[in-house]
2 protein chains.
Amino acid sequence: MQFAQQQSVLPQERQQGRRQDNFLLEFAGLQRLRTYRPRQMVLNQGDCTAHILIIVNGWAEQTIQLADGRRQIVAFGLPGDLCCSDLSSRSRVEQSIMALTSLTVAIVGKLEFRTLLTGNARLSRSFWRNQMLSLSIQRRWTAILGQMDARERVAHLLCELYLRQEKIGAAVQGACSCPLTQTQVAEACGLTQVHTNRVIQDLRRRGLIELRTKRLVIPSLKEMMAVAQFDGSYLDLGDPEPTLAETRASQPA
Amino acid sequence: MQFAQQQSVLPQERQQGRRQDNFLLEFAGLQRLRTYRPRQMVLNQGDCTAHILIIVNGWAEQTIQLADGRRQIVAFGLPGDLCCSDLSSRSRVEQSIMALTSLTVAIVGKLEFRTLLTGNARLSRSFWRNQMLSLSIQRRWTAILGQMDARERVAHLLCELYLRQEKIGAAVQGACSCPLTQTQVAEACGLTQVHTNRVIQDLRRRGLIELRTKRLVIPSLKEMMAVAQFDGSYLDLGDPEPTLAETRASQPA
DNA sequence: GGTTCGGCCTAACGCAGGTGAATGTCCGAA
DNA sequence: TTCGGACATTCACCTGCGTTAGGCCGAACC
C-alpha cells in the first residue's frame, strides 16, 4: 500500500513567521511536497510505508478505528508536525491520516531521512523534540479522556489548538482558525456529536468562546484555561535553545 | 528537585530470559542502580531531572495529576521501559513516577546517555524503538479511553499487561503477575474503584480471568482479546531485526 | 428550481457509571 | 490477641452523557 494518489508536486508558499524554532518546517519546505484536498485520506490504518510525512501547510487528523467501527481522533497534525514518524524502514501505521483542510506535506524516505539526521544536528534535534512533544501531548490526552468531563475536555482541546497555533504564529489576539466540525471535536474528545453541541453552546453562552465558520475566538484565554484546568507546560518541553556545548552532542546526531 | 532518597546501590539480580531483543535492559543492568520500595515516589510531577531512568526490575506507574487532585495513570513501567526519556538536558517531568512493587531502576545522566547513544548503534536503536512503542501505546490508550466502555477498558488493560510481560518472558501459560490494586486499575482505566470492582467480578463470573493476590490468569487469551477488541499490533512495531545493511544507519546513531 | 448532502441544532428518554457510605477480609505490627 | 490500615465488596441513589430521531440551513449540483 502506498500514499493516496498525488495531487500536485509544486512547492507551496512558505509558512508565515514562526515564534519558535521549528527547523523541521524549514527543512520540509525544501523536500518533495504533495497536497491533499479536504477529507482526502493520506494513509490508512494498517498500511505500510517507507516514508515519513511532515506537515507543511494545513491540518490533518490521525484516527484509530476499532474493529466494530468506532473511531477516535488521537492527534491533530498542524504545520511542523510529523506523521508516521517511526523510523523503522517499513512499519505499519497504527492510525489513519486524513486531511482536514487543504493539506501540504513533505514526503521523505525513512532511509534517506535517517542519513540526513546523522549529518544534521539541528534537524535531528528538531525531530526528536517533536517526537517528545507528541508523546507529551498524548500522555496529557490520556489524562483528559480518563478524568475530565465533557465541558473540560472540549475547553481543553480548544485551548490546546489555540496555543499550538500561537506557537507557530498562526494565532493572534485570541483568534485562530479551527477547521473542525463539531463531529470532529466530538471524535477527539470521546463524546457524541449531540453532547458536543450542548457543550459548545454552553461555552458560547458563558462568553468563553466564539466559534463559527472555521474560526475560533477566545476572549479570555485565562478564564478558558481555568475551565479546562489547562496547564500548558506539557506543550513546552526542555531547552528551546540548547547551550553551545550541546549543539553537537545534543540529540543523537 | 532530585530523585527520592536512595535505598541501595547494589546491582540487582538480572532479569530472566527475554523473548525479544531488549538491549536497553542489558545495558541498564550495567549502570548505576537504585531501588525503591512499593509506594515510594521516584519522581514528582513538575520536578526537573538531568537523568533518565530505565526500569530493571519491578513495576512503576506514571500518573498525571490535575489541579483539583484527580489522578490518571498514564503508563505502567515494566522491566526494560524508560521513564522521563526526554533527552533535553534538564526537562521538567510531566508526570509523577511511583514504585508499584519493589523496584530497581538504572539512573543515567542525560548528557552521558546522549554520548553513549552516538557511539552505540544497538543501544540507540533500542532506545528509539522504545520511544516509538511508548507513543504507540499512548495513542492506543487515547482510543480506549475515548471509545470503550468499562468492561472493554479493563479487559484491554489486562490483555496488554499480559502480553507485555510475555514479551519480556514474564508470563507463562496464561499466567502472569499483576501487582495492581483495583484502585490502580481504576485510575488507569478512567473509572471509579467501585465500578472497576463490578467489572472485574463480571469478568471473573464469565470465566475470563482469575485475579487475586497479585496474580493474573487468563484461561483463554483469545476470548479475552475478543471482549477487549484487542489487536496487539500496536505492541509490535517495525523490524525486530533490521537488515545487515541497516545496522549502521538504522536508528539515528 | 429542485434535490442532495454536510453541518448544526433540539428534544425525550434511558442507562452506564459516578457518589457516598457501610461492611467484610486479610495481614502485619505492637 | 488485638489493633489498624489496605483492599475488596456491596448497596441505594443519582446524573452526565448516549441514543434515537428529528428539523433547519446553506452550498453544490443537476
Side-chain angles (χ1 to χ4, degrees), chain A residues 37-40 61 66 68-73 98-102 144-158 177-205 209-216 227, chain B residues 37-40 61 66 68-73 98-102 144-158 177-205 209-216 227:
Chain A
R37 277 173 292 101
R39 322 187 109 252
Q40 194 179 356
E61 63 165 32
L66 301 181
D68 64 5
R70 282 174 284 177
R71 284 160 44 90
Q72 171 74 29
I73 295 181
M98 192 183 83
L100 289 174
T101 66
S102 172
I144 290 163
L145 294 176
Q147 298 298 324
M148 290 184 160
D149 68 17
R151 184 195 303 154
E152 292 169 315
R153 291 185 204 184
V154 173
H156 201 286
L157 174 63
L158 297 180
S177 69
C178 180
L180 305 179
T181 66
Q182 292 188 354
T183 305
Q184 285 155 348
V185 173
E187 283 174 340
C189 293
L191 302 168
T192 57
Q193 182 272 325
V194 173
H195 197 61
T196 302
N197 179 271
R198 294 195 268 252
V199 169
I200 287 179
Q201 307 232 16
D202 176 70
L203 291 175
R204 277 206 268 251
R205 246 177 276 116
I209 60 169
E210 292 165 41
L211 183 57
R212 42 20 164 154
T213 59
K214 312 295 166 210
R215 195 101 203 124
L216 166 67
V227 169
Chain B
R37 278 172 290 102
R39 323 185 110 253
Q40 194 178 358
E61 62 165 32
L66 301 181
D68 63 5
R70 282 174 283 178
R71 285 160 43 90
Q72 171 73 29
I73 296 181
M98 191 183 83
L100 289 174
T101 65
S102 173
I144 290 163
L145 294 176
Q147 298 299 324
M148 288 184 161
D149 68 17
R151 185 195 303 155
E152 293 169 314
R153 291 185 204 185
V154 173
H156 200 286
L157 174 63
L158 296 180
S177 69
C178 180
L180 305 178
T181 65
Q182 292 188 356
T183 305
Q184 284 155 348
V185 173
E187 282 174 341
C189 293
L191 301 169
T192 57
Q193 182 271 329
V194 172
H195 197 60
T196 301
N197 179 270
R198 294 196 267 250
V199 169
I200 287 179
Q201 307 230 18
D202 176 69
L203 292 175
R204 277 205 268 253
R205 247 178 276 117
I209 58 168
E210 292 164 41
L211 184 57
R212 44 17 165 159
T213 57
K214 313 296 168 209
R215 195 100 206 125
L216 166 67
V227 169

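Remember, predicted model here, so these are calculated numbers, not experimental data. For the numbers below, each heavy atom of this structure counts, side chains included, while hydrogens, waters and symmetry mates do not. Lettering follows sequence order; numbering is per chain, from 1.
Under 4.0 angstrom from either OP1 or OP2 of C/dC9 there lies no side-chain N or O belonging to A/Arg212. Distances shorter than 4.0 Å separate none of the side-chain N or O atoms of B/Arg153 from OP1 or OP2 on C/dG17. Contact annotation: B/Asn197 side-chain N/O to D/dT9 OP1/OP2 distance is under 4.0 Å. Distances shown here put every side-chain N or O of A/Gln193 at or beyond 4.0 Å from the OP1 or OP2 atom of C/dC8. One finds a side-chain N or O of B/Gln201 lying less than 4.0 angstrom from the OP1 or OP2 phosphate oxygen of D/dT10. Between A/Arg39 and the phosphate of C/dG7, there is a side-chain N or O to OP1/OP2 separation shorter than 4.0 Å.
Looking at heavy-atom distances under 4.0 Å, A/Arg205 makes no contact with the nucleic acid at all.
A donor-acceptor pair under 3.5 Å links the side-chain atoms of A/Gln72 to the main chain of A/Ala188, judged by distance alone. Formation of a donor-acceptor pair under 3.5 Å by the A/Gln201 side chain with backbone atoms of A/Arg198 is not found in this model.
The heavy-atom pair separating A/Cys189 from A/Leu145 by the smallest distance is O-CD2, 3.3 Å. Across all their heavy atoms, B/Val199 and B/Ala150 have their closest contact at CG2-CB, 3.7 Å.
Rounded to whole Å, the distance from NE2 on A/His195 to P on C/dA16 is 17 Å. Per the geometry, CD belonging to B/Gln184 stands 11 Å off C1' belonging to D/dA6, to the nearest Å. For the pair B/Gln182 CD and D/dC7 C1', the interatomic distance rounds to 8 Å; values are reported in whole Å. Rounded to whole Å, the distance from CD1 on B/Ile200 to C1' on D/dT9 is 11 Å. We find that CG of B/Leu211 is positioned 12 Å from C1' of D/dC7, with the value rounded to whole Å. Here the P atom of nucleotide D/dG18 and the CZ atom of A/Arg70 are 12 Å apart, to the nearest Å. A/Asp149 has its CG atom 10 Å from the P atom of C/dT19, to the nearest Å. Computed from coordinates, the B/Lys214 NZ to C/dC26 P distance equals 15 Å when rounded to whole Å.
Checking C/dG7, D/dT9, D/dG18 against every side-chain atom of B/Arg204, the shortest atom distance belongs to D/dT9. In this structure, of D/dG18, C/dA21, D/dT20, it is D/dG18 that holds the atom nearest to the side chain of A/Leu191. Taking only side-chain atoms of A/Thr192, from C-beta outward, the nucleotide of C/dG7, D/dT19, D/dC11 with the closest atom is D/dT19.
Contact of B/Arg198 with C/dG18 (side chain to base): a donor-acceptor pair of N or O atoms is detected under 3.5 Å.
Considering OG1 of A/Thr183 and CG of A/Leu191, their distance stands at 12.0 Å, rounded to 0.5 Å.
Positionally, the nearest nucleotide of DNA chain D for B/Thr181 lies more toward the 5' end than for the other of B/Thr181 and A/Val194.
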